[in-house]
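The following block contains the structure, expressed as structure tokens.
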Amino acid sequence: MEFRSGMLNVSPIGRNCSQEERDEFEKYDKGRNIQLRFQVCVSCEKFAHLNLTFSIGGQISFGVFLQGWDKTYCLRYLDGFYEIHFFGDKTYKGGNDHEIYESEQTIGHTVTSPKDTMEHFKKLFLANP
């Protein structure tokens, strides 16, 4: 576990693992959903009464934070913008991008990599009319 500003980050494999170990865990986890099962187990059985949100983020961990302290928190400071586009890879329910992706204040885009993000961006904002 790692304490961060406004949240607790929990990693089943451990925060100090090497990049190679991170990559291997991510591959292993894809078919087995270790992060998701661990998240559901912790949130539903142990801490449901504490008004917390549990969301998967990154390769090896999930975040624990107060309800309402997800990525939508920043939107209260963005009044007056015509459009707010959000690009994220964990936009599914339980992912750390889900709430802001689904927000009525944003136009959400699911992406798979930095390259994919640039392709979306180019099509949306740099395409010739």
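The model shown is predicted, which means the values in this text are computed figures rather than measured ones.
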Quiz item: Between Asn9 and Ser61, does any side-chain donor sit less than 3.5 Å from a side-chain acceptor?
Solution: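 The criterion, which ignores hydrogens and geometry beyond distance, is satisfied for Ser61 and Asn9.
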Self-check item: Those residues that, when tested against His120, pass ring-ring contact (aromatic ring centres under 6.0 Å, His included) (two or more places apart)
Solution: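 Checked His120 against ring-ring contact (aromatic ring centres under 6.0 Å, His included); zero matches.
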Quiz item: Is a donor on one side and an acceptor on the other found under 3.5 Å between the side chain of Arg32 and the backbone of Tyr28?
Solution: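 The answer is yes, because a donor-acceptor pair under 3.5 Å joins these two groups.
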Exercise. Could you grab the distance from atom NZ of Lys71 to atom NZ of Lys90, nearest 0.5 Å is fine?
Key: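 That separation rounds to 9.0 Å.
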Quiz item: Looking at side-chain heavy atoms only, is the closest gap between Leu124 and His85 below 4.5 Å?
Solution: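 In contact.
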Quiz item: What is the minimum heavy-atom distance between Asp116 and Thr112, and which atoms define it?
Solution: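 The pair with the smallest heavy-atom distance is OD2-N, 2.9 Å.
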Quiz item: What's the shortest heavy-atom distance between Leu52 and Phe47, and which atoms?
Solution: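 Taking Leu52 first and Phe47 second, the nearest heavy atoms are CD1-CB, 4.3 Å.
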Exercise. Could you check if a side-chain atom of Ile60 sits within less than 4.5 angstrom of a side-chain atom of Cys17, using non-hydrogen atoms only?
Key: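 Of all side-chain heavy-atom pairs linking Cys17 with Ile60, at least one is under 4.5 Å.
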Practice problem: Mark yes when over 12 heavy atoms from residues, nucleotides or ligands other than Phe125 sit less than 6.0 Å from its CZ; otherwise mark no. | Solution: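 Yes, CZ of Phe125 has more than 12 neighbouring heavy atoms, counting only those of other groups under 6.0 Å.
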Self-check item: Listed partners of Phe87 passing ring-ring contact (aromatic ring centres under 6.0 Å, His included), at least two apart
Solution: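 Only His109 meet the ring-ring contact (aromatic ring centres under 6.0 Å, His included) criterion with Phe87.
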Exercise. Could you pull out the closest heavy-atom pair between Gly88 and Asp97, with the gap in Å?
Key: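 Scanning both residues completely, I find the closest heavy atoms to be CA-OD2, 3.4 Å.
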Quiz item: Are any side-chain N or O atoms of Ser103 and backbone N or O atoms of Glu99, one a donor and one an acceptor, separated by less than 3.5 Å?
Solution: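 Flag not set: sc Ser103 to bb Glu99 has no pair under 3.5 Å.
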Quiz item: Between Glu21 and Ser18, is there a donor-acceptor pair closer than 3.5 Å when you use the side chain of the first and the backbone of the second?
Solution: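 Checking the backbone N and O of Ser18 against the side chain of Glu21, a donor-acceptor pair under 3.5 Å is found.
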Practice problem: Answer yes or no: is there a side-chain heavy-atom contact under 4.5 Å between Glu119 and Val111? | Solution: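 The answer is no, as the side chains (C-beta and beyond) never meet within the 4.5 Å cut-off.
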Exercise. Check Thr53 against Gln67 and note the closest heavy-atom contact, atom names and distance.
Key: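 Looking at all heavy atoms of both residues, the shortest contact is OG1-CG, 3.3 Å.
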Quiz prompt | 4.5 Å side-chain heavy-atom contact, Val10 and Phe54 | solution =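 Sidechains of Phe54 and Val10: no contact.
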Quiz item: With the threshold set at 4.0 Å, does a side-chain nitrogen-carboxylate oxygen contact exist between Glu24 and Arg22?
Solution: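 No.
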Quiz item: Once you round to the nearest 0.5 Å, how far does OG1 of Thr106 lie from CD of Glu104?
Solution: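 One finds 9.5 Å between OG1 of Thr106 and CD of Glu104.
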Self-check item: Candidate pair Cys74 and Ile100, rule side-chain contact (heavy atoms from CB on, under 4.5 Å), full reasoning
Solution: CA-CA 9 Å; Cys74 69; Ile100 194 166; 4.1 Å; yes
Quiz prompt | Validation row: Gln19, Gln59 side chains within 4.5 angstrom (heavy atoms) | solution =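 Touching, per the 4.5 Å side-chain cut-off.
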Self-check item: Atom of Ile84, atom of Phe81 and distance for their closest heavy-atom approach
Solution: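 Where Ile84 meets Phe81 most closely, the heavy atoms are CG1-CB, 4.0 Å.
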Quiz item: Does a donor on one side chain and an acceptor on the other come within less than 3.5 Å for Thr110 and Thr91?
Solution: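 Result is yes, a qualifying pair exists.
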Practice problem: Determine whether Ile107 and Phe121 fall in the same hydrophobic cluster, where Ile, Leu, Val, Met, Phe, Trp and Tyr are linked whenever their side-chain heavy atoms lie under 4.5 Å apart. | Solution: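 No, because Ile107 and Phe121 fall into different hydrophobic clusters, even though each may have its own neighbours under 4.5 Å.
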Self-check item: Member of Asn96, Leu8, Asp70 meeting the side-chain contact (heavy atoms from CB on, under 4.5 Å) criterion with Phe65
Solution: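 Output: one option passes, namely Asp70.
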Quiz item: Are Tyr101 and Tyr92 connected, step by step, through hydrophobic side chains (Ile, Leu, Val, Met, Phe, Trp, Tyr) whose heavy atoms are closer than 4.5 Å?
Solution: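 In one cluster: no.
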Quiz item: Would a hydrophobic clustering, with Ile, Leu, Val, Met, Phe, Trp and Tyr connected at side-chain separations under 4.5 Å, put Met118 with Leu126?
Solution: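 No, no single cluster joins them.
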Exercise. Answer yes or no: is there a side-chain heavy-atom contact under 4.5 Å between Ser11 and Phe25?
Key: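 Not in contact.
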Quiz item: Would you say the side-chain atoms of Arg76 pair up with the backbone N or O of Tyr73, donor to acceptor, closer than 3.5 Å?
Solution: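 A pair under 3.5 Å: yes.
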